[in-house]
Amino acid sequence: MNPDHALTERGPLAVVRFLGLVLLGALIGGVAALAAVGFVTAVLWLNEILLISPRSRMMFDHPAALIAATLAVPTLGGLLVGLLHRAIPEKRPHTPADVIAAVQTRRGRLPARAGGLSALTAMISLGAGASVGQYGPLVHMGATLGSLGSRLLRLGRSEDNITIACGVAAAISAAFNAPLAGIVFAHEVVLRHYALRAFAPVAAAAIVGYVVATTVLDQGALFHVAETVVPRAWEFMLFVVIGGLGALVAGAYMHAILGVGRLATKLPLPATLRPALAGALLGLTALWVPDILGMGQETLRFATIAGAFGGGELLLILLLKLAATALCLGMGFSGGVFSPALVIGTLFGALCGTLVGQVAGAPPETFVFYAVCGMVAVTAPVIGAPLTTLLIVFELTGSYALTTAALASVTLASPIAAQLFGRSLFDIQLDRRGLDLSAGRGRAVLQATSVASQVTQDCVTLPPETPVSEAIGALGRARHAEAYLVDARGRYRGCVLLHDLEAAQQADGGRRPAADVIDAKRPVLRPGSSLWEAMARLEEVSGEALAVVDDHRDNAFMGVVYEAGIARAHRVQSDTLRREEHGNG
């Protein structure tokens, strides 16, 4: 039985399988949450002993040693990260974008070794004070654990996608103490569809992750809301405006990361040393503004308090934090984009709140609304998850008024950012790797599916020197309208069509070689061509099939792919996706 079909069947056995998947989701949630707890604890410990956290820096009373540590720790941390990345096949850390690609193309199977090394380098990066986030590494680590569980139990690709989503949901749930946000994030960003068969296992993982995190990890909230107030009606218009401006900040943030990444490849410096250079520049800047070090959660908390920072300070830290994050991620440090986006967005919102207070006299009681609106306005476009960011606000604060204000900002921020920059930073990164998710999952799957399974040798092949009259006879006996010319060394020389051969025969009696009437416009496929490329190529011609040619082996003829075979493969892939997305469990 095809395991991908198992959960879409009905009956007692299907119920048992479904309950087993829910139980597996809960188990993955527990393991992923414990791993997240260990990861966060290790980072906090490193921040303390390496003098990165504001508390440890304030308590340390040797100024000269503190300056040396501020310069040396990020530099040596970057060097270690660069060396460790050499052990990953792609020479770079794996990120949530790799998780999305694995699920959307149904490839699944996140490699455990690369996932473990990516988590380790992210831990070192965060511990050494790099301006990167912890939630991206936690998401990838949870997804890798989910994929590993599925692989150990030899489950199918559909179940693999669900267990990956379970690990993601548990990681978000444990990191934010927000199980609803974990469930929605897994569906909104990773799976990108809702179905009962996926919802229950993902929910089980998120709940277990929340229970484990709240029991074991006594972490503080991102920010506190002292009292519940309701902003004035005119302030909601400002929240919408903050959303529109926040989209521009999000776009600047995303393009700064991508731009530094492009520039880094042009530097006359080995990739191994780039994070060390970024660490040195970060440490040098941190001597002036230490708030840019690390995840910046303390900066985020202070930014939600009216009067904690002046307007000039907010603008300075915002710009330096954005630049530091782009520098660290673009130059090769390992880490996420979520946490820095939260900090940058909160600083942006706090700056807006400060200006409104000075110009329009907004009361300080609503200052936190501006900070939170800025936070969601920047974060939601970056990760492409407006519902998740709203739920995080609601679950962290329990304030319906604050969530409604955040909704006003997200309403404008996400559409504007999507129109100007794309759905999210993850999608932009994948698009630059050749995986376009803008047209939906069906196209992504077809782009990731090779035509190799559709290649056949069941076709008419002739030597190029075959006379036209003989070629017509061979096609008639085989009941085909096309022949493929292959020389004595197995090299593809072109395709000839029956009607062109018949026209040539009427012109000169059919004595000249078939190679003289080759269809010069007929495209060919390569062994690694995708189904999507094959479908696009077929739109250019009207014929039976396309030849598959290996240009790495002197244009060796591999066979042909028939139009009917491509259509059949397309239908099978589409049916599989529909069963996976709409199966009743």
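Every heavy atom of this structure was used, including side-chain atoms; hydrogens, water molecules and symmetry mates were not.
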Visitor: Sorted by first residue and then second, give each ring pair (Phe, Tyr, Trp, His ring centres under 6.0 Å) pair with at least one member in residues 58-82; sequence neighbours left out.
Guide: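 As it turns out, the ring pair (Phe, Tyr, Trp, His ring centres under 6.0 Å) pairs with a partner in residues 58-82, which skip direct neighbours, are Phe60-His62.
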
Visitor: Would His85 and Lys91 count as a side chain to side chain contact (heavy atoms under 4.5 Å, CB included) if you check the C-alpha gap in whole Å, the side-chain angles of each, and the deciding distance to 0.1 Å?
Guide: CA-CA 5 Å; His85 283 166; Lys91 311 298 181 190; 5.7 Å; no

Visitor: Between Asp427 and Arg192, does at least one N-O distance fall below 4.0 Å, as a salt bridge requires?
Guide: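 Salt bridge flag = yes for Arg192 with Asp427.
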
Visitor: For Phe185, which residues count as a ring-ring contact (aromatic ring centres under 6.0 Å, His included) partner, sequence neighbours excluded?
Guide: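 Residues passing ring-ring contact (aromatic ring centres under 6.0 Å, His included) with Phe185: none at all.
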
Visitor: Only counting residues at least two apart or in another chain, list the ones meeting side-chain hydrogen bond (donor to acceptor under 3.5 Å, both in side chains) with Ser131.
Guide: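 For Ser131 the side-chain hydrogen bond (donor to acceptor under 3.5 Å, both in side chains) partners, ignoring immediate neighbours, are Lys321, Thr325.
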
Visitor: For Thr388, which residues count as a side-chain hydrogen bond (donor to acceptor under 3.5 Å, both in side chains) partner, sequence neighbours excluded?
Guide: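 Result, side-chain hydrogen bond (donor to acceptor under 3.5 Å, both in side chains) vs Thr388: Glu188.
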
Visitor: For residues 269-287, tabulate all N or O donor-acceptor pairs below 3.5 Å that involve a side-chain atom, not counting sequence neighbours.
Guide:
| unit_1 | atom_1 | unit_2 | atom_2 | d |
| --- | --- | --- | --- | --- |
| Arg274 | NE | Ala264 | O | 3.1 |
| Arg274 | NE | Leu269 | O | 3.4 |
| Arg274 | NH2 | Ala264 | O | 3.4 |
| Thr285 | OG1 | Leu281 | O | 2.9 |

Visitor: Between CD1 of Ile67 and CG of Leu51, what distance do you get to the nearest 0.5 Å?
Guide: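 The distance works out to 12.0 Å.
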
Visitor: How are the rings of Phe309 and Phe302 set relative to one another: parallel (under 30°), tilted (30 to 60°) or perpendicular (over 60°)?
Guide: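 Geometry flag for Phe302 against Phe309: perpendicular rings.
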
Visitor: If you look only at distance, which donor and acceptor atoms sit under 3.5 Å apart when one is on a side chain in residues 344-357 and the other is two or more places apart or in another chain?
Guide:
| unit_1 | atom_1 | unit_2 | atom_2 | d |
| --- | --- | --- | --- | --- |
| Thr346 | OG1 | Leu342 | O | 2.6 |
| Thr354 | OG1 | Ala350 | O | 2.8 |

Visitor: Before you tell me yes or no, could you show the steps for Met295 and Leu300 under side chain to side chain contact (heavy atoms under 4.5 Å, CB included), namely the whole-Å CA-CA distance, both residues' side-chain angles and the distance that decides it to 0.1 Å?
Guide: CA-CA 9 Å; Met295 291 178 287; Leu300 187 151; over 6 Å; no

Visitor: Tell me whether Gln134 contacts the main-chain N or O of Val40 through its side chain, where contact means a donor paired with an acceptor under 3.5 Å.
Guide: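 No: the side chain of Gln134 does not pair with the backbone of Val40.
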
Visitor: If you look only at pairs with a residue in residues 252-298, which of them pass as a ring pair (Phe, Tyr, Trp, His ring centres under 6.0 Å), with sequence neighbours excluded?
Guide: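 Found His255-Phe421.
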
Visitor: Tell me every residue that passes salt bridge (Lys or Arg N to Asp or Glu O under 4.0 Å) with Glu48, counting only those two or more places apart in sequence or in another chain.
Guide: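 For Glu48, the residues satisfying salt bridge (Lys or Arg N to Asp or Glu O under 4.0 Å) (neighbours in sequence not counted) are Arg55.
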
Visitor: Partners of Arg92 by salt bridge (Lys or Arg N to Asp or Glu O under 4.0 Å), sequence neighbours excluded?
Guide: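 Expected list: Asp98.
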
Visitor: Could I get the full list of side-chain hydrogen bond (donor to acceptor under 3.5 Å, both in side chains) partners for Ser334, not counting sequence neighbours?
Guide: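 Ser334 satisfies side-chain hydrogen bond (donor to acceptor under 3.5 Å, both in side chains) with Thr121 once adjacent residues are dropped.
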
Visitor: Under the side-chain hydrogen bond (donor to acceptor under 3.5 Å, both in side chains) rule, collect the residues that match up with Asp291, sequence neighbours excluded.
Guide: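 For Asp291, no residue satisfies side-chain hydrogen bond (donor to acceptor under 3.5 Å, both in side chains) once neighbours in sequence are set aside.
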
Visitor: State which residues pass ring-ring contact (aromatic ring centres under 6.0 Å, His included) with Tyr370; sequence neighbours excluded, sorted by chain then number.
Guide: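 Checked Tyr370 against ring-ring contact (aromatic ring centres under 6.0 Å, His included); matches are Phe239.
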
Visitor: Pair Ser424, Ile383 - check side chain to side chain contact (heavy atoms under 4.5 Å, CB included), show working.
Guide: CA-CA 5 Å; Ser424 71; Ile383 64 172; 5.7 Å; no

Visitor: Answer yes or no: are there more than 12 heavy-atom neighbours, outside Arg432 itself, under 6.0 Å from its atom CZ?
Guide: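 Enclosed.
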
Visitor: Before giving the answer on side chain to side chain contact (heavy atoms under 4.5 Å, CB included), spell out for Ser147 and Arg151 the whole-Å C-alpha distance, their side-chain angles and the decisive distance to 0.1 Å.
Guide: CA-CA 6 Å; Ser147 180; Arg151 196 155 59 244; 3.3 Å; yes

